[in-house]
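Notes follow once the structure below has been shown.
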Amino acid sequence: MDQDEFIEQVRIRARLSSRSEVERAIAAALETLGEAMANSAAVSLASKLPGEIGDHLRRTAADPEVPRIPIEQFFARVAEREGVPRHAAITHSTAVLKVAGEARRSAPTYVSAESGLSFANLFSGFFGAAARSA
């Protein structure tokens with residue numbers, strides 16, 4: 001999957017109308033995810049994402065000792081970063097994470113194992129069998 005296809009897939013799934021909205025949603029979700037991942041995990045995952053999309057993970061990658069944050073706090077941070085209401089942040093960030101998982105087939109397992117977030121339900125709901133089979 002190339003960068004334009006990634007952006008288009010997020011646009012469709014998040015029901016966004018402009019490329020700038022999509023890019024803002026991608027940045028908000030991945031930068032927030034990067035805050036909750038050890039640097040090495042974020043860099044590894046980022047290298048599997050197309051174009052400059054992975055840079056959002058690299059930019060905010062956390063220290064090796066990553067504090068766990070509740071999923072609600074993740075969505076609150078995404079909403080603040082993106083400048084949208086919480087319900088929109090949930091829709092947008094789950095679309096971003098689903099497309100990221102498709103771009104990097106092992107991402108669901110890797111992220112859930114390496115991040116400080118409790119994404120088990122989010123990933124199982126949006127990544128299907130790939131998350132459950134690993």
Side-chain angles (χ1 to χ4, degrees):
M1 176 179 303
D2 67 17
Q3 183 169 330
D4 288 333
E5 185 179 355
F6 188 103
I7 290 168
E8 181 62 10
Q9 286 297 313
V10 172
R11 187 192 67 74
I12 291 167
R13 294 171 194 202
R15 298 183 194 116
L16 295 167
S17 57
S18 73
R19 186 174 176 112
S20 64
E21 289 175 317
V22 175
E23 290 173 345
R24 191 169 49 249
I26 290 169
L30 294 179
E31 287 176 9
T32 304
L33 181 61
E35 289 174 343
M37 295 181 76
N39 187 282
S40 61
V43 169
S44 178
L45 179 58
S47 72
K48 307 303 185 227
L49 297 177
E52 298 173 0
I53 291 171
D55 290 342
H56 298 295
L57 282 167
R58 289 184 200 94
R59 184 175 302 116
T60 58
D63 293 326
E65 295 298 319
V66 180
R68 297 185 76 74
I69 64 170
I71 194 71
E72 291 303 317
Q73 187 176 355
F74 172 82
F75 290 131
R77 288 182 186 181
V78 171
E80 182 179 339
R81 195 173 247 135
E82 191 179 349
V84 298
R86 183 181 164 280
H87 69 276
I90 292 170
T91 300
H92 300 168
S93 60
T94 52
V96 171
L97 295 175
K98 182 175 180 181
V99 175
E102 291 170 3
R104 168 70 168 98
R105 288 291 175 197
S106 64
T109 300
Y110 190 73
V111 172
S112 62
E114 295 295 333
S115 76
L117 297 167
S118 299
F119 283 130
N121 292 335
L122 179 63
F123 285 126
S124 66
F126 289 95
F127 293 108
R132 290 187 294 274
S133 65

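Because the structure is a prediction, the values reported are computed rather than measured.
In terms of modelled atom types and a separation under 3.5 Å, the side chain of Q9 and the main chain of F6 share no donor-acceptor contact.
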Let me check something: any side-chain donor-acceptor pairs from residues 47-54 under 3.5 Å, sequence neighbours excluded? List them with distances.
residue : atom : partner : partner atom : Å
S47     : OG   : S44     : O            : 2.7

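Using a 4.0 Å cut-off between charged side-chain N and carboxylate O, R11 and D4 make no salt bridge. A salt bridge links R13 with E102; the closest basic N to acidic carboxylate O contact falls under 4.0 Å.
To the nearest 0.5 Å, atom CG of residue L33 and atom OG1 of residue T60 are 8.0 Å apart. Atoms CZ and OG1, on F75 and T91 in that order, are 9.0 Å from each other to the nearest 0.5 Å. With rounding to the nearest 0.5 Å, the separation of CG in L57 from CG in L45 is 5.0 Å.
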Passes side-chain contact (heavy atoms from CB on, under 4.5 Å), M1 versus E8? Steps please.
CA-CA 11 Å; M1 176 179 303; E8 181 62 10; over 6 Å; no
Would H92 and V78 count as a side-chain contact (heavy atoms from CB on, under 4.5 Å) here? Give the steps.
CA-CA 9 Å; H92 300 168; V78 171; 5.9 Å; no
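Counting only heavy atoms from C-beta outward, the side chains of V99 and I26 never approach each other to under 4.5 Å.
Heavy-atom minimum distance, H56 versus A27: CE1-CB, 3.4 Å. T32 and F74 make their closest contact through CG2-CD1, 3.4 Å (heavy atoms, listed as atom of the first residue, atom of the second, distance). Residue I90 comes nearest to T94 through the heavy atom pair O-OG1, 2.7 Å, listed as atom of the first residue, atom of the second, then distance. The two atoms that bring E82 and A28 nearest to each other are CB-CB, 3.6 Å, heavy atoms only.
Applying the side-chain hydrogen bond (donor to acceptor under 3.5 Å, both in side chains) rule to E5 yields no partners; only residues at least two apart in sequence or on another chain are considered. Residues satisfying the side-chain contact (heavy atoms from CB on, under 4.5 Å) criterion with A79, sequence neighbours excluded, are A89.
Note on I12: it does not cluster hydrophobically with V84, by side-chain heavy-atom contacts below 4.5 Å among ILVMFWY residues.
Crowding of R15 atom CZ: a count of heavy atoms from other residues, nucleotides or ligands under 6.0 Å not exceeding 12.
The salt bridge (charged side-chain N to carboxylate O under 4.0 Å, His left out) test with E31 is passed by exactly one of R77, R24, R59, R58: R59.
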